[in-house]
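Just so it is clear: chains get the letters A, B, ... in the order the sequence lines come, proteins before strands, and each one is counted from 1.
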Amino acid sequence: MKGPELRYSTAERHPACLSTTPLQVQQPKPYPLSPTVNNDRYPILSLINQCNSTKQLKQVHAQMLHTGLFFYSFTAGKLITASALSPFSSLDYARQVFDQIPQPNLFTWNTLILFLQLLHHCEHFPDKFTFPFVIKAASELKAFWVGNAFHGMAIKGSLSSDVYILNSLVHFYGSCGDLDLAYAVFVKTLQKDVVSWNSMITDFAQGGCPGEALELFRGMEKENVKPNDVTMVGVLSNCTKKLDLEFGRWVYMYMKCGSFEDAKRLFDKMQDKDIFSWTTMLDGCAKLGEYDEARHVFDAMPRKDIAALNALISAFEQNGKPKEALAVFRELQLSKDAKPDEFTLVCALSASAKLGAMDLGRWIDVYIKKHGIKLNCHHTTSLIDMYAKCGDLEKALEVYYSVERKDVFVWSATIAGLAMHGHGRATLDLFSKMLEAKVKPNAVTFTNVLCACSHTGLVNEGQRLFYQMEPVYGVVPGEKHYACMVDMLGRSGLLQEAVKFIEKMPILPTASIWGALLGACRLHGNIELAGQACSRLLELDPRNHGAYVLLLNIYARTGKWDRVSGLRKNMRDFGLKKEPGCNSIEVNGIVHEFLVGDNSHKLSKEIYSKLDEITAKLKSVGYVPNKSYLLQLVEEEDMKEQALNLHSEKLAIAYGLISMGPSQPIRVVKNLRVYGDCHPVAKLKSGLYDREIILRDLYGFHHFRGGNCS
DNA sequence: TTAGGGTTAG
């Protein structure tokens with residue numbers, strides 16, 4: 001909200017404002033233009049410089065409004081500087097210019113306006129205490145020309161060796177994105193203090209030059225400047241924010257056991273570290289995968305607030321550890337010190353979605369309603385995602401219909417929900433509605449839509465959309481989209497088209513693209529092409545277990561036993577092991593996990609006797625295990641698993657049958673693909689026990705009801 | 001007087 005009475009409130013209270021006739025004071029000459037900013041790129045700047053009357057300036061002003069240049073802070077800033085500091089200056093006009101700038105930061109603008117008034121009305125030249133303030137204001141506004149002019153004025157006022165002013169300028173040029181100028185000022189600072197180093201390090205870190213930041217970080221050590229918490233927090237949080245993990249890990253190692261007096265100890269020794277520093281440290285450790293260290297930091301925190309808890313929960317949640325995330329959430333639920341806030345709820349919902357923990361998800365939904373928390377788009381998206389991933393598409397759609405505000409995240413989550421439940425047409429319809437609502441789709445939206453087309457055989461529609469992505473919607477197709485297209489063509493049997501598509505792609509094929517082709521070959525039994533795709537896939541991803549197994553199968557089937565033994569040797573050499581199949585089921589808000597042949601559950605005995613009962617029942621209705629699945633599996637482990645009827649999903653379903661009420665649907669989440677005879681068996685079970693069974697695997701949902709699969 | 005800083009979704 002902006003209003004004139006607010007905007008000028010500070011300025012109008014200034015005694016100088018009582019004067020009606022502006023004083024004419026000698027103005028400093030404009031500082032020469034920075035050599036790194038090209039005047040040709042902004043011809044308007046030359047025009048501004050050439051003006052020698054307010055009338056001319058007004059003409060330029062009008063032109064800037066017309067072309068939109070007025071709405072860039074540095075061109076607008078230049079206009080303000082020109083109108084306020086030029087020989088024909090008029091502060092009233094500068095104010096008018098200021099008045100037209102949309103949503104200015106009131107405080108910083110007021111600082112500048114006050115400064116300009118000071119220049120107009122005060123007979124003393126601003127001193128070394130004035131400049132850091134106004135340069136800071138210019139930094140916040142990223143008003144290059146304004147700050148640049150201050151730089152010139154400071155030089156003119158013989159203040160250019162003051163370390164405070166120089167440090168401010170380093171920060172200023174950095175925040176305007178001019179690292180060269182920032183560095184030039186930094187180098188010229190003769191008596192650098194820790195703030196000088198920190199400013200420049202931060203400029204580099206935020207300006208996308210982590211290498212230079214690190215170099216400087218080392219430079220501090222050489223110069224015997226002791227880094228402080230600002231150094232550490234700045235460097236570490238910048239690299240984790242950008243997920244520049246290599247850099248982050250480097251810094252982390254440096255901190256942990258590095259040569260420079262051990263920065264970790266520095267952190268431990270810091271006297272005045274506040275909760276921000278602690279949380280940054282915690283977040284940094286967690287994001288770098290040092291969970292034990294993160295937990296350690298968390299436990300050592302003298303005071304923990306909700307943000308610290310959130311940092312821990314979200315770090316677990318986003319690094320494939322949803323179970324650990326929910327464990328922390330449970331601690332929070334039990335503790336009286338802190339209450340979950342909107343961040344916590346979003347993280348916990350997301351973790352519930354990943355685990356298929358619908359009881360907890362529903363609890364959060366109720367919590368939100370009970371506490372009258374107004375849904376924002378983050379909540380809405382997470383709720384839709386949670387219900388969809390827990391298998392309750394109706395509930396997900398209910399949330400979607402219940403909210404008015406829908407951003408691209410909300411739309412994309414709903415589209416993804418429809419897609420994962422196999423509703424291709426509905427996905428496309430929703431996508432059209434999204435366009436009608438004038439919400440611009442992004443890369444993720446397209447991945448979801450293309451995925452739906454691929455899974456439901458809507459090849460023409462998918463292709464049409466894919467080729468519209470860039471020209472119509474301005475979304476450049478990425479690896480995932482190309483992989484979707486390969487999957488779409490391959491799945492529908494157009495294997496040669498898929499190969500041609502890969503050859504013509506403007507990007508180099510990645511492992512996931514060969515993986516998509518491989519999947520299609522498996523589906524359509526094209527052994528020759530599968531062999532080629534496998535080889536390419538293994539070149540790029542030599543540790544891909546699935547590709548090895550498939551290639552082994554191909555060689556075994558075609559009798560190429562020498563190759564089989566060669567591959568087996570490779571696998572042993574690489575120490576490759578299959579990712580263990582794991583199924584989870586949530587009962588009364590607790591997620592139980594089962595591995596193959598698992599007997600660690602406390603009700604293991606009951607589960608296995610239930611399994612026997614199920615097997616007997618299945619036999620009695622004439623079920624015969626399909627041995628053909630065995631032929632597809634070369635690995636002994638898989639054979640054993642299959643032969644012993646101990647697939648982990650079977651254990652999970654058996655547990656569901658003994659522990660849940662007869663009307664409750666059994667929801668099982670599998671970390672891999674549902675395969676073998678588990679699908680037909682689950683179908684039979686849903687009929688025999690009159691239970692709804694919902695199986696989620698890596699690729700989507702299988703709903704079983706009354707002996708049928710949707 | 002100057003530098004920095006924590007947690008959220010598809």
Classify [X] by what it touches in the nucleic acid, base, sugar-phosphate, or nothing, heavy-atom distance under 4.0 Å.
X	result
Ala308(A)	base
Asp203(A)	nothing
Ser412(A)	base
Val408(A)	base

Would you mind reading off the distance between [X] atom [atom1] and [N] atom [atom2], rounded to a whole angstrom?
X	N	atom1	atom2	value
His379(A)	dG10(B)	NE2	P	14 Å
Asn310(A)	dT8(B)	CG	C1'	8 Å
Lys354(A)	dG10(B)	NZ	C1'	11 Å
Leu349(A)	dT7(B)	CG	P	19 Å
Leu345(A)	dT7(B)	CG	P	17 Å
Trp278(A)	dG6(B)	CH2	C1'	14 Å
Phe204(A)	dA3(B)	CZ	P	18 Å
Ile313(A)	dT7(B)	CD1	C1'	9 Å

**Study point:** Aromatic-base stack, Phe129(A) on dT1(B), cutoff 5.5 Å, angle under 30
**Key:**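 No, aromatic ring not over the base.
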
Check your understanding: Planes under 30° and centres closer than 5.5 Å, is that true for Tyr164(A) with the base of dT2(B)?
Key ->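 No.
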
What nucleotide, of [options], holds the atom closest to the side chain of [X]?
X	options	answer
Val195(A)	dA9(B), dT2(B), dG5(B)	dT2(B)
Asn167(A)	dT2(B), dG6(B), dG5(B)	dT2(B)
Ser199(A)	dA9(B), dA3(B), dG10(B)	dA3(B)
Asp193(A)	dA9(B), dT2(B), dG6(B)	dT2(B)

Review point. Is atom CZ of Phe701(A) surrounded by more than 12 heavy atoms (other residues, nucleotides or ligands) closer than 6.0 Å?
Key: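 Enclosed.
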
Please determine whether any donor N or O and acceptor N or O are separated by less than 3.5 Å between the side chain of [X] and the base of [N].
X	N	answer
Asp407(A)	dG10(B)	no
Thr381(A)	dG10(B)	no
Asp305(A)	dG6(B)	yes

If you compare every side-chain N and O of [X] against the phosphate oxygens of [N] (OP1, OP2), does one of them come in below 4.0 Å?
X	N	answer
Lys136(A)	dA3(B)	yes
Gln191(A)	dT2(B)	no
Gln318(A)	dT7(B)	no
His171(A)	dG4(B)	yes
Ser314(A)	dT8(B)	yes

Salt bridge flag under 4.0 Å for residues [X] and [Y]:
X	Y	value
Lys433(A)	Glu436(A)	no
Arg295(A)	Asp299(A)	yes
Glu331(A)	Lys304(A)	no
Asp359(A)	Arg362(A)	yes

Review point. So which of Val410(A), Leu345(A), Asp365(A) actually passes side chain to side chain contact (heavy atoms under 4.5 Å, CB included) with Leu383(A)?
Key: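 Exactly one candidate clears the test, Asp365(A).
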
